[in-house]
Amino acid sequence: MTQESPKEPIGDGSRSLIDRAFAILGTFQGGRVRQSLSDISRRSELPIATCHRIVGRLTEWGALERDTDGNYNIGLRLWEVASLAPRSVGLQRLARPYMQDLYETTGYASHLAIREGLELVSIERFQSPRRQVRRPQVGKRYPLHATAIGLVLLANAPDEVRTQVLAGELEAFTPRTFTDPLVLDRLLDDIRHTGYAVSDRQVDDVHVGVAAPVRGADKTVVAAVSLALTEQDVDGKNMIHLVRLTAASISRALDSAGFGRAEG
């Protein structure tokens with residue numbers, strides 16, 4: 001058997017083997033947990049033969065696993081490697097007890113997210129099975145401009161990130177979503193000054209989000225924590241206080257652990 005060239009031409013042009021492997025793994029995002037080989041081929045835009053070969057190699061390594069029905073899902077070895085990522089997993093581990101306290105104190109869903117590029121990535125959530133919030137889902141990406149937690153992350157992002165987001169498409173999820181860049185820019189200044197954000201039914205017609213920044217050992221914002229309330233149950237001042245208190249507690253835990261402190 002000849003070894004596959006890392007720059008083997010395929011139907012849509014020349015893509016490296018690693019690019020194609022990433023494309024295959026990327027098809028499992030968006031809530032797709034189990035996929036057939038044909039599904040992976042279609043979503044990765046790879047020929048079925050090429051897809052079969054690379055999926056086989058990923059399965060041998062443990063990045064993918066095949067079930068008894070012949071479908072594929074993310075393998076345990078990939079989870080083991082991902083668990084070494086300090087930015088998400090270390091932060092999640094330190095924040096969990098404080099988030100759980102917030103959830104148990106209020107009864108509302110608590111959420112932790114980080115910024116990745118021009119989007120937020122959800123990394124932890126506590127919620128009641130009797131009062132479930134459909135989004136965010138852990139591991140998924142969302143825009144920064146509508147949710148309270150996204151607004152906090154955007155308000156504390158570098159200027160170039162803020163400029164790119166404001167210059168891009170600001171999708172209106174409800175009539176209340178801020179889509180005017182000038183209005184949103186002023187709001188971000190206010191959020192950075194006050195230390196918290198409120199998103200009043202900007203994502204759906206029911207939920208009100210309250211969020212505050214989480215800072216690392218170097219005092220830069222590394223994440224944000226939020227509560228998802230409902231319009232009928234909002235106790236504004238008290239909820240803002242509890243969320244900010246939780247964010248401050250997580251920040252102290254990160255400082256004690258040296259999370260985010262530059263090596264040297």
Between atom CZ of Arg53 and atom CG of Leu46, what is the distance when rounded to the nearest 0.5 Å?
10.0 Å

Is a side-chain N or O of Gln92 found less than 3.5 angstrom from the main chain of Glu124, in a donor-acceptor match?
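Answer holds: no.
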
Any donor and acceptor pair, going by atom type alone, linking the side chain of Ser199 with main-chain N or O of Ala146 inside 3.5 Å?
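Between the backbone of Ala146 and the side chain of Ser199 there is a qualifying donor-acceptor contact (under 3.5 Å).
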
Pick one: which of Leu58, Thr27, Ile24, Thr59 meets side-chain contact (heavy atoms from CB on, under 4.5 Å) with Tyr72?
Thr59

Just so I know, are the side chains of Asp190 and His193 near enough to count as touching, which here means a heavy-atom distance under 4.5 Å?
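SC-SC contact between Asp190 and His193 ruled out.
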
Could you tell me whether the side chain of Gln164 reaches within less than 4.5 Å of the side chain of Leu118, counting heavy atoms only?
yes

Please list, chain by chain and in numerical order, all residues satisfying side-chain contact (heavy atoms from CB on, under 4.5 Å) with Glu119, sequence neighbours excluded.
Arg141

Those residues at least two apart in sequence (or on a different chain) that pass side-chain contact (heavy atoms from CB on, under 4.5 Å) with Glu171 are His145, Phe173

Between Ser38 and Ser36: side-chain donor-acceptor atoms closer than 3.5 Å
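Checked: Ser38/Ser36 side chains pair up, N/O donor to acceptor below 3.5 Å.
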
Once rounded to the nearest 0.5 Å, what's the spacing between atom OG of Ser226 and atom CZ of Arg125?
10.5 Å

Are more than 12 heavy atoms from other residues, nucleotides or ligands located less than 6.0 Å from atom CD of Glu169?
no

Side-chain heavy atoms of Pro158 within contact of Arg115, under 4.5 Å
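SC-SC contact between Pro158 and Arg115 confirmed.
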
When you compare the side chain of Leu151 with that of Leu188, does any pair of heavy atoms fall below 4.5 Å?
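Side chain of Leu188 against side chain of Leu151, heavy atoms only: contact under 4.5 Å found.
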
Taking 4.0 angstrom as the limit, do Asp189 and Arg162 come out as a salt bridge?
yes

Measure the spacing between OG of Ser110 and CZ of Arg96 and express it to the nearest 0.5 Å.
9.5 Å

Going through the distances and angles, do Leu17 and Arg57 end up as a side chain to side chain contact (heavy atoms under 4.5 Å, CB included)?
CA-CA 11 Å; Leu17 175 60; Arg57 293 173 68 173; 3.7 Å; yes

So, do Phe28 and Leu64 sit near enough that their side-chain heavy atoms are less than 4.5 Å apart?
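Of all side-chain heavy-atom pairs linking Leu64 with Phe28, at least one is under 4.5 Å.
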
Would you say the side chain of Val206 lies within less than 4.5 Å of the side chain of Arg201, judging by non-hydrogen atoms?
no

Verdict with reasoning, Leu187 to Phe178, per side chain to side chain contact (heavy atoms under 4.5 Å, CB included):
CA-CA 9 Å; Leu187 175 65; Phe178 291 112; 3.5 Å; yes

Side chains of His207 and Asp204: any donor to acceptor distance under 3.5 Å?
yes

Any chance the side chains of Gln100 and Glu104 put a donor and an acceptor closer than 3.5 Å?
yes

Considering all heavy atoms of both residues, which atom of Gln202 and which atom of Thr177 are nearest to each other, and what is their separation?
O-OG1, 2.5 Å

Closest non-hydrogen atom pair between His111 and Ser122, with its separation
NE2-OG, 3.0 Å

List for me each residue that meets side-chain contact (heavy atoms from CB on, under 4.5 Å) alongside Asp69, sequence neighbours excluded, and say none if there are none.
Arg34, Asp67, Asn71

Side chain to side chain contact (heavy atoms under 4.5 Å, CB included) between Leu120 and Thr147, worked out
CA-CA 10 Å; Leu120 69 84; Thr147 62; 3.7 Å; yes

So which heavy atom on Glu116 is nearest to which on Val121, and how close?
CB-CG2, 3.7 Å

With rounding to the nearest 0.5 Å, note down the distance linking OG in Ser41 to CD in Gln35.
11.0 Å

Please answer whether the main-chain N or O of Ala23 pairs with a side-chain N or O of Ser44 as donor and acceptor at a distance below 3.5 Å.
no

If hydrophobic clusters are built from ILVMFWY residues whose side chains come within less than 4.5 Å, do Phe126 and Leu102 share one?
yes

Distance-minimising heavy-atom pair for Ile114 and Ala223
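It is CG2-CB, 3.9 Å.
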
Say whether Leu245 and Val225 are linked into one hydrophobic cluster, either directly or through other cluster members, by side-chain heavy-atom distances under 4.5 angstrom.
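Per the 4.5 Å side-chain linkage, Leu245 and Val225 are not co-clustered.
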
Do you know the tightest heavy-atom contact between Arg93 and Pro97?
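In this case the closest contact between Arg93 and Pro97 is O-CD, 3.7 Å.
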
Are side-chain heavy atoms of Leu170 and Asp180 found at a separation under 4.5 Å?
no

About how many Å separate CG of Leu25 and CZ of Arg20, when rounded to the nearest 0.5 Å?
13.5 Å

Test: Arg252 and Asp255 ion pair at under 4.0 Å
no

Candidate list Leu153, Leu254, Val152, test side-chain contact (heavy atoms from CB on, under 4.5 Å), partner Val214, passing option:
Leu254

What's the shortest heavy-atom distance between Val210 and Leu229, and which atoms?
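Result for this residue pair: CG2-CD1, 3.9 Å.
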
What is the distance from atom CD1 of Ile40 to atom CD of Glu45, rounded to the nearest 0.5 Å?
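Atom-to-atom, Ile40:CD1 and Glu45:CD are 14.5 Å apart.
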
Do the side chain of Thr105 and the main chain of Asp101 share a donor and acceptor less than 3.5 angstrom apart?
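Yes, Thr105 side chain to Asp101 backbone: donor-acceptor pair under 3.5 Å.
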
Set out, in order, the CA-CA distance, both residues' side-chain angles and the distance that settles side chain to side chain contact (heavy atoms under 4.5 Å, CB included) for Val55 and His52, then state yes or no.
CA-CA 5 Å; Val55 164; His52 179 266; 5.9 Å; no

Does the side chain of Arg215 reach to within under 4.5 Å of the side chain of Asn156, using non-hydrogen atoms?
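Arg215 vs Asn156: side chains touch.
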
